[in-house]
Amino acid sequence: MTETVRHESHIEGVRRPGRWLALAVLVLAVLLVAVDATVLGLATPFLSEDLKPTGTQLLWIGDVYSFVIAGLLVSMGSLGDRIGRKKLLLVGATAFGAVSVLNAYATSPEMMIAARALLGVAGATLMPSTLALIRNLFHDPRERSLAIGIWGAMASAGAAVGPVVGGFLLEHFWWGSVFLINLPVMAVLVVVGVKLIPESKNPNPGPWDLPSVGLSLVGMIGVVYAVKELASHGPTLDVAVAALVGAGGLTWFVRRQLTLPAPLLDMRLFRNRGFSGAVLADLLTILGLAGLVFFLSQYFQLVQGRTPLEAGLAELPAAIGSVTAGLLAGRFARRFSVRAAVTGGLAAIGLALAVLTVIGRTTGYPVLGASLLVVGVGAGLAFTVTADVILSSVPKDQAGSASAVSETAYELGAALGIAVLGSIVTGVYQGFATPPGVPSDVAAAAHDSLGGAVEASSALAPAQAGALVTAAQDAFVDGLRIAAGVGAAVLLATAVAAWFLLRGQKLADGVEH
């Protein structure tokens, strides 16, 4: 009895006052970074009208943010370990707020691309710092599991919340408002963070290796660019060159890390079966979630005719499921097992994707809403537990680097989900037969994208326009069904792999000193 009281009083001793308020501010920042990745999609038509970008410039405006974040996460996680995670977070938050203003008031496509790239640099400082600081704020592993659950719920819900926030703002304000919402949140983060967030860093970090930073940036951007371009334009020389440069940069990066006395990222962590299994599950969980949310967003608007706000609200079950499961994930993993939680989460996403292989143009919302809810629950469960495993399986002074691995898996999973599943949807869609009598220029625009088909059909007679849009919508739904089938197969196979890779893995129970 005395031992229990002593243990409980020791836990109280390491519980930092104000930690939950500090967590609330940290996860709000994570939510904003995740929202910023998807919110621009809805603002694109308004932004195009205003800034008149070319097709290529428009692609860069949309993609450069996630390219830069993916390329810099590992480097920024390692920098936080060296100079202090709180310091990096506060500098990053200030920069994120300032650059958001630059984005909102951009006056040319070139300025917008540069502003989005700078926003990516600031975002890359925020994501790994927040997760690493949670490790330092919460020493009791059960509290930390709940904190990571809240963090994971915000990170995975951000993708689903983005369209709702964007839809609301665009119906009431101009397109720059989607960036200005960042300002008050970042101001609160800096004010509260200075007072309540404790500083933490690696006591013996070694130098920050700039060649490794460059290799990580070139490697990640090369791979992500190649994947996205492959989805948009199929196999081209540009894609092959980017893939080779990216793969070469990452290979050189890994080799260099193995020879450095103080590496940017300790590659030996991947020898731990549980760590590697968690990173793989992390990546594919987000692949399934991001791919589904992205394509159902188009399906709701362009096939079922909903407004952007209605489409965003229709996708809310994914966010609700993700938040709820994220909060309960730590308790579930301790009650049953880590591998049961992760395998169950991956299998849930796989089964929900499998249901979408039978949808049609007029499928009712209950089936779609239930699928989104199940995907959200699966993602919340798997993503939260894998983040906890990744963070718990490394020494405390490497928390930033480990957080960056989790974050990189998140960003890469999101890019791959949209790109790999996107290339399947696009490939099937572009093969549809144009109804007779449609002019060649209208047919070309219609085969480019479903949005292009809806826009191009306005130049035709009503009967012909209806036939063209129906053929295009049928082709898009066919592509969506096949992509969902491929996604389901990948997720279910990963669930089986996770069952073996995470064998014996447990979440920590003892309090850290």
Side-chain angles (χ1 to χ4, degrees), residues 7-8 10-12 14-16 19-24 26-28 30-31 34 127-128 130-158 272 274-275 277-282 285-286 289 319-349 374-394 396 399 402-403 405-407 409-410 495 498-499 501-513:
H7 179 66
E8 284 177 0
H10 175 62
I11 289 176
E12 287 305 322
V14 295
R15 284 178 176 165
R16 193 176 290 276
R19 62 195 180 282
W20 293 107
L21 182 58
L23 174 71
L26 288 177
V27 298
L28 204 53
V30 168
L31 179 68
M127 295 292 266
T130 53
L131 189 52
L133 284 165
I134 287 172
R135 170 92 183 243
N136 202 49
L137 273 169
F138 296 90
H139 297 269
D140 175 8
R142 287 176 184 272
E143 276 198 352
R144 187 171 68 220
S145 287
L146 178 58
I148 290 173
I150 296 168
W151 176 91
M154 290 301 107
S156 51
N272 177 330
F275 184 88
V279 171
L280 176 69
D282 206 348
T285 295
I286 299 303
L289 177 75
I320 293 165
S322 173
V323 170
T324 308
L327 298 180
L328 300 173
R331 193 178 297 175
F332 183 94
R334 285 188 172 85
R335 174 107 186 247
F336 300 100
S337 69
V338 164
R339 72 174 182 173
V342 176
T343 300
L346 289 164
I349 301 171
V374 172
V375 164
V377 169
L381 205 55
F383 183 67
T384 304
V385 174
T386 52
D388 204 337
V389 167
I390 290 167
L391 205 56
S392 304
S393 59
V394 300
K396 197 174 173 183
S403 307
V405 172
S406 178
E407 281 304 317
Y410 178 95
W499 181 258
L501 286 169
L502 297 173
R503 189 180 67 247
Q505 198 72 38
K506 286 184 169 61
L507 296 186
D509 268 319
V511 179
E512 288 177 354
H513 298 270

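Basis for what follows: all heavy atoms, side chains included, without hydrogens, waters or symmetry-related copies.
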Is there a side-chain contact between Leu146 and Trp20, using heavy atoms and a 4.5 Å cut-off?
-> yes

So do the side chains of Leu23 and Phe138 get within less than 4.5 Å of each other, counting heavy atoms only?
-> yes

Minimum heavy-atom distance between Val375 and Ile349, given as atom pair plus value = O-CG1, 3.9 Å

Distance (rounded to the nearest 0.5 Å) between Glu143 CD and Leu137 CG = 10.5 Å

What pairs with Ala498 under side chain to side chain contact (heavy atoms under 4.5 Å, CB included), at least two apart in sequence or on another chain?
-> Val342, Thr343, Leu346, Leu502

Does Arg339 use its side chain to pair, donor to acceptor, with the backbone of Trp499 at less than 3.5 Å?
-> yes

Using atom types as modelled, flag every donor-acceptor pair under 3.5 Å from a side chain in residues 376-385 to any protein atom, sequence neighbours excluded.
from: Thr384; atom 1: OG1; to: Gly380; atom 2: O; distance (Å): 2.6

Sorted by chain and number, sequence neighbours left out, side chain to side chain contact (heavy atoms under 4.5 Å, CB included) with Ala278 holds for Thr386, Val389, Ile390

